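Within every chain, numbering begins at 1; the chains are lettered A, B, ... in the order of the sequence lines, protein sequences first and strands thereafter. Remember, it's a predicted structure, so these values are computed and weren't measured experimentally.
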Amino acid sequence: VVLLRTVAPTMASLAPVRREVAETLRRAGVSSPTLDELLVVQGELLANAIEASAGDEAIEASAGDEAIEASATDVTGSGAPEEGSAAPVEVTVLVRDGYVEIAVRGRASGVIPPVSAWRSPEASAPRGRGLFIVGALSDEVEVRQDGRVSVVVARRRLGDGG
Amino acid sequence: VSDSGPRLTVHQDGPYHLRIVGEVDVSTAGMLRRRVASLGHGTVRLDMADVSFVDSSGLRVLLGAHNELAASGGRLELFRPSRALRRLLELTALDGHLHLVGGHADGTG
């Protein structure tokens, strides 16, 4: 089973994509709680990619911990993203041979720390839990950065209960 | 892609009691944060039994509210956390830091 979606880099994309991913996983026989955990993995990766790909305008709008209201008006359909402008984000879900693979591709924003460094922050730390959660809920995570593009792939084996 | 209905609803069940229903992600976390902050200081209870989805942005809001209330002599109580919320709280060890009350929202775990 495969789902491939290209979405505008706005946080409004999160919920509709989540519904589609849930439906895809359900059709493939994945059930709760594994399904819920995979939705969290997918959501964290997509939110990170949207934040990196939303463009300067949206990043400024997100200052002050407000929900990000990204403008999708200048999204281009293809080609390398321009510096500072919004770029589309691609989500792929693959279910086969007893595992689920979720890949999110977006604009590279700085350097993503190595997977081995995705530790749990101190209990009182306000930020920095997203990647830790992805790592904890996945069997394998792969980060590929190629110039301006970054792809994060999370794999999860499906057990008897999944 | 259709998207039916509001994804996060906050019901005010009392002066310091909110019932959170739906999905908390980056697009709805700001609303949750504002509603909790609008209650002012005191012992705030959030009924989390019907939170069907929550991510790290939701945890950030809960932790922020917890810290702010604690600093002013108040307290944040997470009432009947849903399975989805409980899973993330356990994973991040925040279940030992935040105040969980009222047991589980369901019979599992």
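Contact annotation for residues 131-144 of chain A against chain B (heavy-atom separation below 4.5 Å, listed by residue number): A:F132, A:I133, A:A136, A:L137.
Taken together through direct or relayed side-chain contacts under 4.5 Å among Ile, Leu, Val, Met, Phe, Trp and Tyr, B:V10 and B:F79 form parts of separate hydrophobic clusters. Connection of B:L63 to B:L8 is established within a shared hydrophobic cluster, with ILVMFWY side chains joined at heavy-atom distances below 4.5 Å, either directly or through further cluster members. In terms of hydrophobic clustering, with Ile, Leu, Val, Met, Phe, Trp and Tyr side chains grouped at heavy-atom distances under 4.5 Å, A:L35 and A:L46 are assigned to a common cluster. Grouping the Ile, Leu, Val, Met, Phe, Trp and Tyr side chains by contacts below 4.5 angstrom, directly or via other members, places B:V36 with B:L98.
Between the side chain of A:E44 and the main chain of B:S56, a donor-acceptor pair closer than 3.5 Å is present.
With sequence neighbours excluded, no residue satisfies salt bridge (Lys or Arg N to Asp or Glu O under 4.0 Å) with B:R35.
Residue pairs that meet the salt bridge (Lys or Arg N to Asp or Glu O under 4.0 Å) test with at least one member in residues 39-49 of chain B, sequence neighbours left out, are B:R45-B:E77, B:D47-B:R80. Among residue pairs with one or both ends in residues 31-42 of chain A, those qualifying as salt bridge (Lys or Arg N to Asp or Glu O under 4.0 Å) are A:D36-B:R83, A:E37-A:R156, A:E37-B:R87; sequence neighbours excluded.
Side-chain contact between A:R129 and B:L91: absent, with no pair of heavy atoms (C-beta onward) separated by less than 4.5 Å. No side-chain heavy atom of B:E23 sits under 4.5 Å from any side-chain heavy atom of A:L14.
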